[in-house]
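Predicted model, so just to flag it, every value in this text is computed and none were measured. Here is the naming used below: chain letters follow the sequence lines, and residue numbers restart at 1 for every chain.
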Amino acid sequence: MSAGLKFVQGNEACVEAALYAGLQFYAGYPITPSSEIAEHLAVRLPRVGGTFLQLEDEIASICAIIGASLTGCKVMTATSGPGFSLMQEGLGYAIMAEIPCVIVNVMRGGPSTGLPTCPSQGDICQARWGAHGDHAIIALTASTLQDVFEITVHAFNTAETYRTPVILLLDEVVGHMREKLVVPEAGAIATVDRLKTSLKLGMDYHPYLPREDGRLPMSDFGGQHRYNVTGLFHDMWGFPTQEPSMVHGLLRHLVDKIANNADSICRYKEYYLEDAHIVLISYGGSARSALHVVENRRVRGERLGLLELQTIWPFPYSVVESKCANARYIVVVEMNMGQVTRAVKRAVAHPDRVVLANRIDGVFITPTDIRNILRLIQGKGV
Amino acid sequence: MPFKDYLRKRFFPHIWCPGCGHGIVLGCLLRAIEQLAIGKNDVVMVSGIGCSSRICGYVDFHTLHTLHGRALAFATGVKMSVPRLNVIVPMGDGDALAIGGNHFIHAARRNIAMTAIVMNNRTYGMTGGQYSPLSCHGDFATNAPYGNIDHDFDVVELARAAGATFVARSTTFHARQTTEIIRKAIAHPGFAVVEVLSQCPTYYGRKNKQGGAAEMMEWYRDNTTPVGSKAKQQNPTLIERGIFVQDAGKPEYCCEYKKLVERARRGAS
Ligand SMILES: Cc1ncc(C[n+]2csc(CCOP(=O)(O)OP(=O)(O)O)c2C)c(N)n1
Ligand code: SF4
């Protein structure tokens with residue numbers, strides 16, 4: 001798609017951004033509300049010489065993109081809750097073997113097959129802890145199509161920088177919504193290329209030996225350096241080990257590379273927070289309703305503000321803490337039973353001031369739903 | 001290159017029990033690659049999880065040791081990205097046909113050029129000898145103390161029906177034939193399946209009173225027969241070995257994808 005003003009759907013904005021970021025390989029399995037991502041990529045990827053595959057299930061899809069990523073491609077898959085559940089095994093592998101990839105989950109209501117094509121934000125905690133074992137994870141989200149574009153590019157950049165899977169949590173409203181999108185000129189948003197080893201043929205390449213800055217240069221699988229990749233704990237050559245100090249060191253590395261860089265990974269937006277007495281915290285589609293309420297109340301002189309999270313994991317504890325330092329109330333607006341609320345309570349000085357404004361019935365949360373909670377807080381009754 | 005040069009010697013000793021058939025399969029595989037004179041950098045070996053899958057660690061190729069049952073899915077990503085590579089996927093019978101059964105039939109259906117080697121010991125070796133989808137009706141296993149009531153797959157028939165364009169079976173007793181079959185399988189321009197009956201004396205042999213490795217291999221000698229032989233007609237319980245399917249005519253997946261890209265580009269311009 002050429003640069004310039006477009007009127008497109010959220011899923012399409014994600015596709016355009018992925019291609020902008022350099023996507024070369026996609027494998028997936030159909031599921032609403034994510035299917036348009038596959039449909040658009042089936043058209044677009046072959047035209048740029050990339051690979052589009054529909055495989056037998058989501059397990060195969062995530063495994064195939066991991067294999068392709070190893071050969072040097074930028075890769076992605078897209079799904080929704082049931083498929084995301086199936087992908088947890090592959091997600092853990094990509095974490096352990098440090099393979100860059102982007103996994104889009106356009107959330108619907110769950111558990112199980114749940115509410116196909118109804119809005120929900122119920123997979124926030126699954127994104128954090130769906131894969132077994134201690135690990136760190138990066139999960140991003142967005143509320144407008146312009147942000148979907150930028151955050152998708154950020155997802156690819158982050159995956160490359162930290163050699164890790166990145167989860168993009170969209171929701172049905174954002175995925176299916178149509179609004180304007182300005183596709184930037186090539187180069188206007190920086191894209192991060194794969195960091196490749198400069199070691200020549202015949203030199204001893206260690207796939208899991210970090211450089212001084214902690215980054216691990218890769219060598220295209222099937223290229224001039226032969227090495228082993230495994231989901232077992234491994235040494236710097238990629239060979240299985242159970243040696244306690246190496247196990248400890250690798251697990252710390254996997255967690256620290258993300259925890260120590262939380263500030264650069266973290267993205268958020270803020271509206272009227274400077275003097276806000278009531279701080280709304282929201283993300284994704286819900287943040288649109290939250291912003292509507294804040295702007296309306298500001299007109300009436302009420303001191304409301306909004307903190308819109310774009311990085312959900314690693315959770316921006318210090319940002320939340322400082323932005324809420326002077327708040328009398330903090331209202332978390334989300335379409336689940338309080339998955340981000342729990343993290344917010346851990347972040348702020350007065351967890352008792354944190355209130356949840358939510359909907360869990362498959363209906364998009366509206367400004368009225370949020371206003372009802374505000375009336376309760378303000379002692380006005382509903 | 002002498003086949004020993006294909007080994008990562010510093011990772012020996014291997015984990016396999018004395019008498020395990022998997023080492024023989026490794027030997028056959030390396031001899032086949034040696035005969036084809038394929039360079040180490042041109043081979044990618046992708047495996048899952050199991051005793052058989054550990055084969056990956058011992059060979060000096062590009063090696064990807066993945067998840068239980070998922071090797072063919074990872075391999076599909078590698079092969080589609082770099083079709084020039086020779087992709088070889090050694091799998092256990094549980095790996096390939098229980099947890100990985102879906103990936104197996106779909107890889108066969110697509111006819112993507114890679115070599116799937118099913119090292120069939122009719123049990124789950126790595127987890128302690130439980131029954132697998134290749135354990136026979138009535139077999140004993142560590143968790144089938146009263147006899148297995150499941151029926152086994154016939155790997156050859158399954159692969160053929162799923163669309164594999166090269167299908168063969170051999171045993172560790174018939175090591176020369178195994179080498180020759182694997183060589184043809186690697187050279188085949190489509191999805192190739194080679195089932196190798198490979199003894200697990202530690203569990204399958206012990207639980208089914210088949211004796212040690214030597215006796216189990218003698219059983220392969222005495223209970224198999226070349227495909228299409230008269231012996232099979234006289235004794236239908238014999239297991240046939242040899243090449244069952246060899247069809248280079250069916251379009252291969254990577255080649256078809258390449259054509260699709262050309263069509264898409266023509267349409268776009
Ligand atoms: C998802 C998952 N389930 C179960 C296991 C445990 N597991 C490891 S190897 C194995 C079976 C191995 O049997 P087979 O594939 O026949 O290979 P063999 O060890 O006999 O060579 C199982 C069940 C696992 N690693 N992952
Ligand atoms: S348990 Fe069986 S399959 Fe595993 S190494 Fe021992 S003999 Fe081989």
Nearest non-hydrogen partners of [X] and [Y], listed with the distance:
X         : Y         : answer
His103(B) : Ile59(A)  : NE2-CG2, 4.0 Å
Arg47(A)  : Ala264(B) : CG-O, 3.7 Å
Tyr253(B) : Leu53(A)  : OH-CD2, 3.5 Å
Met80(B)  : Thr51(A)  : CE-CG2, 4.0 Å
Phe74(B)  : Cys63(A)  : CE1-SG, 3.2 Å
Gly49(A)  : Val261(B) : CA-CG1, 4.1 Å

query: Sub-3.5 Å donor-acceptor pair from the side chain of Arg226(A) to the main-chain atoms of Asp60(B), do we have one?
result: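 Checked: pair present.
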- prompt: Do the side chain of His62(B) and the main chain of Gly223(A) share a donor and acceptor less than 3.5 angstrom apart?
  reply: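 Yes, because the side chain of His62(B) sits within donor-acceptor range (under 3.5 Å) of the backbone of Gly223(A).
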Within 6.0 angstrom of Lys40(B) NZ, more than 12 heavy atoms from elsewhere: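 Yes, because the 6.0 Å sphere around NZ of Lys40(B) holds more than 12 heavy atoms from other groups.
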Please look at [X] and chain A and tell me whether the side chain, the backbone, both or neither of the residue comes under 4.5 angstrom of a heavy atom of that chain.
X         : value
Leu85(B)  : side chain
Arg263(B) : neither
Lys79(B)  : neither

Residue [X] versus chain B: region with a heavy atom under 4.5 Å:
X         : value
Ile99(A)  : neither
Asp57(A)  : side chain
Val75(A)  : neither
Leu232(A) : side chain
Tyr93(A)  : side chain

field: Quiz item: cation-pi between Arg8(B) and Trp237(A), 6.0 Å / 45°
entry: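 Checked: cation-pi criterion not met.
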- request: Salt-bridge test for Arg109(B) and Glu56(A): reply yes if a basic N is under 4.0 Å from a carboxylate O, no otherwise.
  value: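 No, this pair does not count.
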message: Just verifying a value: how many Å separate Glu89(A) CD and Ile99(B) CD1, rounded to the nearest 0.5 Å?
response: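 Output value for this atom pair is 6.0 Å.
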query: Got a second to check how far Thr230(A)'s OG1 is from Ile49(B)'s CD1, nearest 0.5 Å?
result: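 One finds 6.0 Å between OG1 of Thr230(A) and CD1 of Ile49(B).
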Any Asn41(B) side-chain heavy atom under 4.5 Å of His225(A) side chain: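 Asn41(B) vs His225(A): side chains apart.
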task: Report yes if some heavy atom in the side chain of Val78(B) is under 4.5 Å from a heavy atom in the side chain of Leu70(A); otherwise report no.
output: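 No, every pair of side-chain atoms sits at 4.5 Å or beyond.
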query: Under a 4.5 Å heavy-atom cutoff, which of Val44(B), Thr76(B), Val43(B) has the most pairs with chain A?
result: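 Highest number of heavy-atom pairs under 4.5 Å: Val44(B).
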- prompt: Taking the six-membered ring for Trp, are Phe52(A) and Tyr257(B) ring centroids under 6.0 Å apart?
  reply: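 Centroid separation for Phe52(A) and Tyr257(B): 6.0 Å or greater.
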